[in-house]
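Only one structure is covered here, and it is reproduced in the block below.
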Amino acid sequence: ASLATGPRQDNGIFYEIRTYDIKPSKMKEFIEAVNKYFHLRTSHSELVGFWSAELGAMNKVVHVWKYDNFAHRTAVRHALANDKDWQGKFISPALPLIEKQHNEVAYLVPWCQLGKPPKEGGVYEWVTFQMKPGGPALWGEAFRAAVNAHINTGYTKLIGVFHTEYGLLNTVHVIWWNESPDHRAAGRHSAHEDARVVAAVRDSVRFLESQQNMLLLPLQCSPLK
């Protein structure tokens with residue numbers, strides 16, 4: 001225990017974050033294919049959410065999958081490779097529409113449970129933080145305090161905080177839900193005038209290398225809407 005770098009989860013559950021860059025002229029076609037055939041994919045394993053980028057990136061989709069452990073993922077990938085409907089109706093037509101694919105494996109941080117929005121119809125903010133090397137043992141408490149400071153203002157809903165295990169390390173993805181882009185803008189403006197938020201963020205950014213934000217819209221197939 002004295003060598004541990006921080007709190008650890010007591011199960012093998014992890015999340016695969018898949019990000020696809022779609023050819024600009026093919027985005028509409030790709031989304032239509034997802035809406036029509038993605039039930040073939042979700043019959044194999046649990047989809048957490050599927051979004052398209054509206055601001056902060058273009059022609060990009062992000063989807064998150066939940067697995068019990070790595071053996072579970074291996075079994076699902078094997079089943080998908082042998083699913084003729086999935087391969088024929090979606091994969092074969094969709095691959096030429098995709099310019100680039102990227103995946104990461106991430107865990108929910110120990111102090112966060114996966115949340116749900118209070119209602120459908122809002123927007124999601126996906127914030128990626130590149131933290132200084134050292135992991136949660138170095139920056140975890142300060143980062144948690146900054147997240148909680150924003151939660152406590154009440155303008156936004158936390159969906160999840162994920163820390164990478166495969167992919168670019170020391171990356172943290174935070175998903176927020178807001179009623180609308182304007183509601184989010186007004187809330188952040190107010191939050192950044194709150195002394196408690198300012199103090200918590202100032203402490204956390206000591207460990208920050210870079211940050212990127214995307215505004216995401218859920219697709220029809222997304223459980224998080």
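Small disclaimer: the values here were computed from a predicted structure and weren't measured.
Here CH2 of Trp126 is found 7.5 Å from CG of Leu216. Values are rounded to the nearest 0.5 Å. Within the model, atoms CG of Asp83 and CG of Leu40 stand 6.5 Å from one another, a figure rounded to the nearest 0.5 Å. Residue Ile22 holds its CD1 atom at 15.0 Å from NZ of Lys28, rounded to the nearest 0.5 Å. Separation of atoms NE2 (His173) and CD (Gln212) is listed at 10.0 Å; rounding is to 0.5 Å. Expressed to the nearest 0.5 Å, how far CD1 of Ile91 lies from CZ of Arg41 amounts to 9.0 Å. Taken to the nearest 0.5 Å, the CG atom of Asn59 stands 6.0 Å off from the CE atom of Met27.
Considering only heavy atoms from C-beta on, Val174 comes within 4.5 Å of Leu158 through its side chain. Taking the side chain as every heavy atom from C-beta outward, Arg77 and Ser45 never approach each other to under 4.5 Å. With contacts defined as side-chain heavy-atom distances shorter than 4.5 Å, the pair Thr164/Asn170 does not qualify. Residues Lys100 and Lys23 fail the side-chain proximity criterion, which asks for heavy atoms closer than 4.5 Å. Contact annotation: the side chain of Trp176 never approaches that of Tyr124 to less than 4.5 Å [non-hydrogen atoms, C-beta and beyond]. Here the side chains of Trp65 and Leu47 are in contact, with some heavy-atom distance below 4.5 Å. Taking the side chain as every heavy atom from C-beta outward, Phe30 and Val61 approach each other to under 4.5 Å. Side-chain contact between Met58 and Pro24 is absent, with no heavy-atom pair separated by less than 4.5 Å.
Minimum heavy-atom separation, Cys221 to Val34: SG-CG1, 3.7 Å. The two residues Ile159 and Lys116 have their closest heavy-atom pair at CD1-C, 3.9 Å. For Gly167 against Glu104, the heavy-atom pair with the smallest separation is CA-CG, 4.4 Å. The minimum heavy-atom distance between Ala191 and Val197, with the atom names listed, is O-CB, 3.3 Å. The two residues Leu224 and Pro218 have their closest heavy-atom pair at O-CB, 3.3 Å. The heavy-atom pair separating Ala106 from Ile17 by the smallest distance is CB-CD1, 4.0 Å.
Residue pairs meeting the side chain to side chain donor-acceptor pair (under 3.5 Å) criterion with at least one member in residues 84-93, sequence neighbours excluded, do not occur.
Note on Val64 and Leu217: separate hydrophobic clusters, where clusters join Ile, Leu, Val, Met, Phe, Trp and Tyr whose side-chain heavy atoms are under 4.5 Å apart, directly or indirectly. Under a hydrophobic-cluster definition in which Ile, Leu, Val, Met, Phe, Trp and Tyr are linked whenever side-chain heavy atoms come within less than 4.5 Å, directly or via other members, Val201 and Leu208 are assigned to the same cluster. Under a hydrophobic clustering in which Ile, Leu, Val, Met, Phe, Trp and Tyr are joined whenever their side-chain heavy atoms come within less than 4.5 Å, directly or via other members, Leu95 and Tyr20 fall into the same cluster.
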Practice prompt. Test ring pair (Phe, Tyr, Trp, His ring centres under 6.0 Å) on His163 and Trp139 and set out the steps.
Written response: CA-CA 12 Å; His163 178 217; Trp139 42 257; 5.4 Å; yes

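For the pair Lys36 and Glu32, the salt-bridge criterion is not met [side-chain N within less than 4.0 Å of a carboxylate O].
For Phe143 and Phe129, the ring centers sit closer than 6.0 Å to each other. Residues Tyr107 and Tyr15 keep their aromatic ring centres 6.0 Å or farther apart. Residues Phe38 and Phe90 place their aromatic rings such that the two centres sit under 6.0 Å apart. In summary, the aromatic rings of His63 and Phe50 are positioned with their centroids under 6.0 Å apart.
Taking the ring centre of Trp177 as origin, the terminal cationic atom of Arg184 falls outside the region bounded by 6.0 Å and 45° from the ring axis.
For OH of Tyr166, the number of neighbouring non-hydrogen atoms (other residues, nucleotides, ligands) closer than 6.0 Å is 12 at most. No more than 12 heavy atoms of other residues, nucleotides or ligands shown are found within 6.0 angstrom of NE2 on His78.
Distance alone, capped at 3.5 Å, is enough to place a donor-acceptor pair between the Thr74 side chain and the Phe70 backbone. At distances below 3.5 Å, at least one donor-acceptor pair connects side-chain atoms of Arg206 with backbone N or O atoms of Asp203.
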